[in-house]
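Have a look at the structure below before the remarks.
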Protein chains: 4
Amino acid sequence: MRGVNKVILIGNLGRDPDVQFLEGNIAVAKFSLATTETFKDRAGKLISQTEWHTVVLWRGLAELAQKYLHKGSLVYIEGRLRTRSWEDKEGNKKFATEVVGDNLVMLDKRMDVNNGDHPVSHHHTTGPATTPTGAPHHGEGYAGLDIPPMSEPADDLPF
Amino acid sequence: MRGVNKVILIGNLGRDPDVQFLEGNIAVAKFSLATTETFKDRAGKLISQTEWHTVVLWRGLAELAQKYLHKGSLVYIEGRLRTRSWEDKEGNKKFATEVVGDNLVMLDKRMDVNNGDHPVSHHHTTGPATTPTGAPHHGEGYAGLDIPPMSEPADDLPF
Amino acid sequence: MRGVNKVILIGNLGRDPDVQFLEGNIAVAKFSLATTETFKDRAGKLISQTEWHTVVLWRGLAELAQKYLHKGSLVYIEGRLRTRSWEDKEGNKKFATEVVGDNLVMLDKRMDVNNGDHPVSHHHTTGPATTPTGAPHHGEGYAGLDIPPMSEPADDLPF
Amino acid sequence: MRGVNKVILIGNLGRDPDVQFLEGNIAVAKFSLATTETFKDRAGKLISQTEWHTVVLWRGLAELAQKYLHKGSLVYIEGRLRTRSWEDKEGNKKFATEVVGDNLVMLDKRMDVNNGDHPVSHHHTTGPATTPTGAPHHGEGYAGLDIPPMSEPADDLPF
DNA sequence: TTTT
DNA sequence: TTTT
């Protein structure tokens with residue numbers, strides 16, 4: 001390793017992840033992530049600025065994304081920049097810079113603590129078009145899953 | 001700037017922040033932060049390991065901590081390492097390494113949800129006069145505050 | 001601040017920085033930075049992969065870049081991602097993702113410089129003719145400058 | 001992974017690394033790293049502040065440290081914080097916070113290329129117990145050397 | 001286009 | 001204890 005190429009993002013998914021399976025059953029997930037920063041401009045006025053990133057996850061992380069992430073999810077992504085270039089059908093050179101994620105932390109609050117009900121109501125379904133069908137995003141919550149999102153700790157802190 | 005000394009943490013407060021005001025009315029907040037990582041040991045077994053950090057915030061960030069953070073809060077902290085040393089009354093040399101925060105992002109979900117019970121367990125009591133009942137989570141909490149914690153975005157995403 | 005958008009790069013400049021001054025005498029520097037990572041592919045073969053980034057620096061950092069950076073310089077850049085979009089003259093939508101630097105650390109060894117003119121002399125000749133004088137590393141180079149680059153110690157290196 | 005505990009350092013080694021081999025021939029390297037930051041105090045005066053960190057590397061990274069790092073080396077370290085506690089012989093509770101490195105980038109410029117074949121002469125051997133021959137560094141361990149092996153058992157390592 |  |  002002779003250089004460093006590291007990206008750290010915390011933001012919300014703009015859409016449900018798009019997950020595909022390549023040959024060999026290798027999962028690839030792709031989604032847009034919005035990071036919003038607020039700062040003061042030169043005049044001292046508070047400015048809020050949103051930047052959209054394309055995030056790509058592979059294999060196990062892609063499967064996690066498929067299982068647990070959806071539009072609006074808040075995530076921490078650690079990864080690296082990768083710029084791809086190609087020519088479109090008109091022969092124009094195109095570039096796309098993506099963040100290839102090496103690490104993913106789900107920051108949404110665990111919706112159901114101890115009595116996990118109404119998971120659906122937390123999914124912030126945003127319209128009639130949202131996965132009314134087989135997509136197993138709803139009706140389960142994180143209960144019983146191996147890698148639940150972070151949540152407030154129980155009262156067993158050593159202090 | 002000739003070197004780099006950077007720390008990035010995401011974790012939960014073990015206790016409400018301890019906030020003090022130095023002369024000149026400079027606020028200093030201090031709290032323990034637990035970061036939990038899970039990984040596989042050499043045998044492939046999933047291990048969960050919690051590390052406790054002492055976080056120190058100054059001035060504006062300390063005041064944010066006083067207003068918004070409490071035991072259990074989930075936060076992103078960016079800062080730097082600082083090790084202090086001193087001798088205790090018995091003359092023993094002591095060391096303490098702290099993370100001095102330069103940046104703070106509150107990752108808790110906005111307050112609680114619709115049916116949020118146990119408000120007391122979420123504290124937020126920033127003084128004796130504050131919401132002793134734990135009644136309505138709506139219309140109070142972060143609403144209208146300048147720097148609310150992150151939450152799932154509204155439906156105005158450009159996708 | 002409600003999200004995180006952070007990039008950390010260590011790499012070499014592909015060209016001398018392009019520095020311009022906007023109205024108000026605001027400096028803007030732009031350069032390509034190559035980060036090279038080596039890793040093992042699935043077959044265990046060592047792969048070296050270079051990624052090119054567009055880095056933009058403003059104001060004081062741009063002026064530092066103009067003074068001290070040149071083709072081949074090794075730098076640490078901390079910044080954030082920003083994607084700009086526009087339409088070219090043919091009406092094609094274009095995107096460009098840049099790293100806007102908030103922090104810069106120069107990692108080059110103090111090569112020589114005696115009288116630091118003609119940046120070409122900084123070009124890091126890497127053959128056996130390096131450091132033609134064998135003169136001391138101290139008391140010359142960037143002496144008197146405000147922010148000298150980091151450099152190696154005076155002793156030998158294990159390479 | 002449910003939290004984040006990340007440290008990024010760029011600095012110089014204060015001493016040659018101390019490398020030991022635990023049972024199973026597992027290498028552990030330990031060294032102090034100085035990170036120096038300069039900034040302006042409230043009065044606008046330029047302040048330079050050095051912080052010392054204890055860095056611990058395991059296995060392959062430890063062997064790299066043994067081969068290539070020495071007093072004064074400039075390195076990039078990415079790792080995580082770990083605080084150990086114990087009682088000394090007087091029964092005083094002691095704490096030590098270390099940075100366990102997961103990634104290492106050597107930033108020293110290669111001084112001589114193509115003929116770099118005298119690693120021993122660069123090793124700044126600090127005592128008679130140190131491999132004076134230039135023989136292989138592996139397969140020997142530190143058995144019988146002055147410095148007792150670290151007390152941590154080879155098993156149950158928290159990584 | 002850099003660097004090793 | 002480093003580095004400049």
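Throughout, a chain's letter reflects where its sequence line sits, starting with A, and its residues are numbered from 1.
- Mapped onto DNA chain E by nearest heavy atom, C/His53 and C/Ser48 fall at different nucleotides, with C/His53 at the one closer to the 5' end.
- Rounding to whole angstrom units, CZ of residue D/Phe31 and P of F/dT1 are separated by 18 Å.
- Following rounding to the nearest Å, D/Leu9 (CG) and F/dT1 (C1') show an atom-to-atom distance of 16 Å.
- Once the 5.5 Å centre distance and the 30° plane angle are applied, the aromatic ring of C/Trp52 is found not to be stacked with the base of E/dT2.
- Look at CZ on D/Arg15: it is 10 Å from P on F/dT3, rounded to the nearest Å.
- Remark: C1' of F/dT4 and CG of D/Leu74 are 12 Å apart, rounded to the nearest angstrom.
- Counted by atom type alone, B/His53 and B/Thr35 present one or more donor-acceptor pairs between their side chains at under 3.5 Å.
- For C/Ser32, taking side-chain heavy atoms from C-beta onward, the closest of the listed nucleotides F/dT2, F/dT3, E/dT1 is E/dT1.
- Distance CD (D/Gln49) to P (F/dT2): 18 Å, rounded to an integer number of Å.
- Checking F/dT1, E/dT2, E/dT1 against every side-chain atom of C/Asn12, the shortest atom distance belongs to E/dT2.
- With F/dT4, E/dT2, E/dT3 as the choices, the nucleotide that has an atom nearest any side-chain atom of B/Arg2 turns out to be F/dT4.
- Separating the NE2 atom of D/His70 from the C1' atom of F/dT1 is a distance of 15 Å, rounded to the nearest angstrom.
- For C/Met106 and E/dT2, the CE to P distance is 22 Å, given to the nearest whole Å.
- Evaluation of the salt bridge (Lys or Arg N to Asp or Glu O under 4.0 Å) test over residues 51-61 of chain C, restricted to residues two or more places apart or in two chains, returns none.
- Across all strands shown, D/Thr50 has heavy atoms under 4.0 Å from base atoms, whether or not it also approaches the sugar-phosphate.
- At a threshold of 4.5 Å between non-hydrogen side-chain atoms, the residues C/Glu37 and C/Ser48 do not count as touching.
- Between the CG atom of D/Asp108 and the P atom of F/dT4 there is a distance of 10 Å, given to the nearest Å.
- Here the side chain of D/Asn5 pairs no donor or acceptor atom with the backbone of B/Leu9 at under 3.5 angstrom.
- Each of E/dT3, E/dT1, F/dT4 was ranked by its minimum atom distance to the side chain of C/Thr36; first place goes to E/dT3.
- C/Glu98 is linked by a salt bridge (charged side-chain N to carboxylate O under 4.0 Å, His left out) to C/Lys30, C/Arg82, C/Arg84, counting only residues two or more places apart in sequence or in another chain.
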